[in-house]
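First the structure, in the form of structure tokens, and then the observations on it.
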Amino acid sequence: MNKQEKLQFPSGFLWGTATSSHQVEGNNTNNQWWRFEQKPGKIWHGDRSGLACDWWRHAEVDFDLMQTLGLSAHRLSVEWSRIEPTPGRFDHAAIDRYREMLDGLRRRGMTTMVTLHHFTNPLWLEDRGGWENPEVVTRFQHYVRFTVNALRDLCEMWVTINEPLVYVAQGWVRGIWPPEKVSPLGVLRVFRHMMQAHGVAYQTIHACAPDAQVGYAMPVRVFQPANPQRWLDRKAAGLKRYLAEHVWFMAAIDGKIRFPFGFDDYNHPLRESVDFVGINFYTRDLVRFRPDPRLLFGEEHFHPDGEFSDAGWRGVYSEYAPQALNQIVREVSVFGKPIYITENGLPDHDDDQRPRWLLGHLHQLHRSMQTGADVRGFFHWTFTDNFEWSEGWGLRFGLIELDPQTQARRPRRSAYLYRDIARDNAITAALTAHYAPELLPVLFPA
Ligand code: IFM
């Protein structure tokens, strides 16, 4: 093996991390997730977001650490319930704090990406029917206009909505996140309103900031039939891919919101409404047919011989399948848009898997780029351990370990690996030998 070999990334490639407001800011008392957390039995171990990572007061502690590690970008979300705490009343103090945070990132040499909706809604919106109520589209537009006008000099890249599919699936298919419904009609309503809101937000952002780059972050899983010989498994996996990926991606390209039985809905603002595609990738799924519409006729499970992250046994996370990232990136490339990996990571409390998983995924990403995929950046989920929704503090995704009680931080070994990759803009054989020698033959075959 030639120790000089390296997997070089293009100049200007962004090496960042990603967070969301509710998961890091602390004391986000005015949204539906805070209210949900107070109900007994909803969050694993009865955890609450509480002070989270205390970013509302002290995000700069982590920004300093990012700078020390030499990261070149950060993706954060702004909290609608802080910016518009009651309908039509915008809070300038909240916007000032976001300005301070974005400015702080830029002064530390980082490119900023801002997400406008990441699962949380103001209570006033939720109590009027939230994303089921058609008025949400106009409400979202007002909030987006105010926010983008106020922050446009500090951010060029905007994600309108994070993981709309996850939001719908958890809230209206599985019914385990607020508003805890199992409602096929609700699914269709929310799907429609989220796509419309994305289209309107795209136009609004461009009207406020013509040079902005706008996209949305899609949770992409690679659904494969559990038994490829079984017709029903193949159909169930195909249906999931169609519903989970195709209808969402295509809507933002051709403006058609695809409903069952051909009841399609054309929406002009939605046409050509992405400047980049954001991919959140964590795992692949095997799909076994089940005659249960709540499961969309397919039960998802992991490969019996797969390697799993923490809590793989809970069916939550994740199977090590980095080649699926390569596959997805190549498939998404057909849309001809730049791609950002807006999230990728794993829960791994003791950090015994993360270095290898990180290298394995970046290797596959590099391979996809070698075949022509236009990938511009990678945002690791996440920087500091944070509040992981229904899993509370039980899952630790951070490069930096956090004790939520004391707010003490300790960089994990992976943080130094990521620092070295960002510094070299490359994965070297020496780095691989140091952090995950077992991957040397895979990344640098003789
Ligand atoms: O923490 C979440 C994030 O909010 C959305 N994408 C997946 C992450 C890990 O589960």
Side-chain angles (χ1 to χ4, degrees), residues 16-26 28 31-34 36-37 43-44 47-49 52-53 55 62 74-80 113-121 159-171 174 176-178 194 215-222 244-245 248 277-285 300 302 308-320 324-325 328 340-349 353-354 357-358 361 378-400 402 404 414:
T17 48
T19 53
S20 89
S21 53
H22 190 72
Q23 294 178 270
V24 297
E25 286 177 358
N28 263 322
N31 70 32
Q32 93 282 27
W33 259 90
W34 183 276
F36 179 67
E37 290 163 31
I43 312 293
W44 200 15
D47 286 349
R48 309 230 166 123
S49 57
C53 309
W55 269 34
D62 281 333
H74 184 68
R75 169 183 172 226
L76 56 74
S77 79
V78 290
E79 177 66 30
W80 189 351
M113 182 184 273
V114 170
T115 306
L116 291 154
H117 186 272
H118 193 124
F119 300 156
T120 52
N121 302 320
V159 171
T160 55
I161 299 179
N162 180 73
E163 299 183 354
L165 174 73
V166 171
Y167 181 76
V168 178
Q170 302 288 68
R174 296 198 180 101
I176 58 169
W177 284 10
M194 287 203 140
Y216 65 98
M218 276 296 294
V220 187
R221 303 170 83 109
V222 177
E245 290 157 21
W248 303 83
V277 178
I279 293 180
N280 293 0
F281 176 81
Y282 288 90
T283 192
R284 67 154 176 195
D285 282 293
E300 293 155 29
F302 296 130
F308 306 108
S309 69
D310 294 355
W313 56 270
R314 257 193 122 214
V316 188
Y317 278 98
S318 344
E319 183 188 347
Y320 180 62
L325 176 63
I328 276 297
Y340 291 91
I341 306 305
T342 34
E343 292 181 22
N344 174 247
L346 73 157
D348 180 23
H349 201 152
Q353 295 168 293
R354 192 174 286 105
W357 284 42
L358 183 55
H361 284 83
F378 179 89
F379 292 80
H380 183 268
W381 187 274
T382 182
F383 189 67
T384 310
D385 290 338
N386 62 36
F387 180 75
E388 178 54 30
W389 308 111
S390 294
E391 278 69 43
W393 294 96
L395 296 187
R396 301 307 188 101
F397 282 81
L399 294 173
I400 308 291
L402 174 81
S414 315

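As the structure lists them, so they are numbered: ligands from 1, and atoms in each ligand from 1.
For ligand 1, the atoms closer than 4.0 angstrom to any heavy atom of F397 are 9 (C), 10 (O). When each atom of ligand 1 is checked for a heavy atom of E343 under 4.0 Å away, the hits are 3 (C), 5 (C), 6 (N), 7 (C), 8 (C). Residue F119 approaches ligand 1 through these ligand atoms, each under 4.0 Å from one of its heavy atoms: 4 (O), 5 (C).
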key: Worked verdict on F378 versus H361 for ring-ring contact (aromatic ring centres under 6.0 Å, His included)   = CA-CA 10 Å; F378 179 89; H361 284 83; 8.2 Å; no
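In this comparison of H22, E163, E391, H118, the heavy atom closest to atom 3 (C) of ligand 1 sits on H118.
Between the side chains of T382 and T19, no donor-acceptor pair of N or O atoms lies under 3.5 Å. No hydrogens or angles considered: a donor-acceptor pair under 3.5 Å links the side chains of D62 and W55.
Inclusion of W389 in the set of residues having an N or O under 3.5 Å from an N or O of ligand 1 is warranted. Considering backbone and side-chain N/O atoms, N162 never comes within less than 3.5 Å of an N/O atom of ligand 1.
Remark: the backbone N or O of H349 is paired with a side-chain donor or acceptor of D310 at under 3.5 angstrom. A donor-acceptor contact shorter than 3.5 Å is absent between the side chain of N31 and the backbone of T120.
Looking only at heavy atoms of the protein, atom 8 (C) of ligand 1 is closest to Y282 OH, 3.4 Å.
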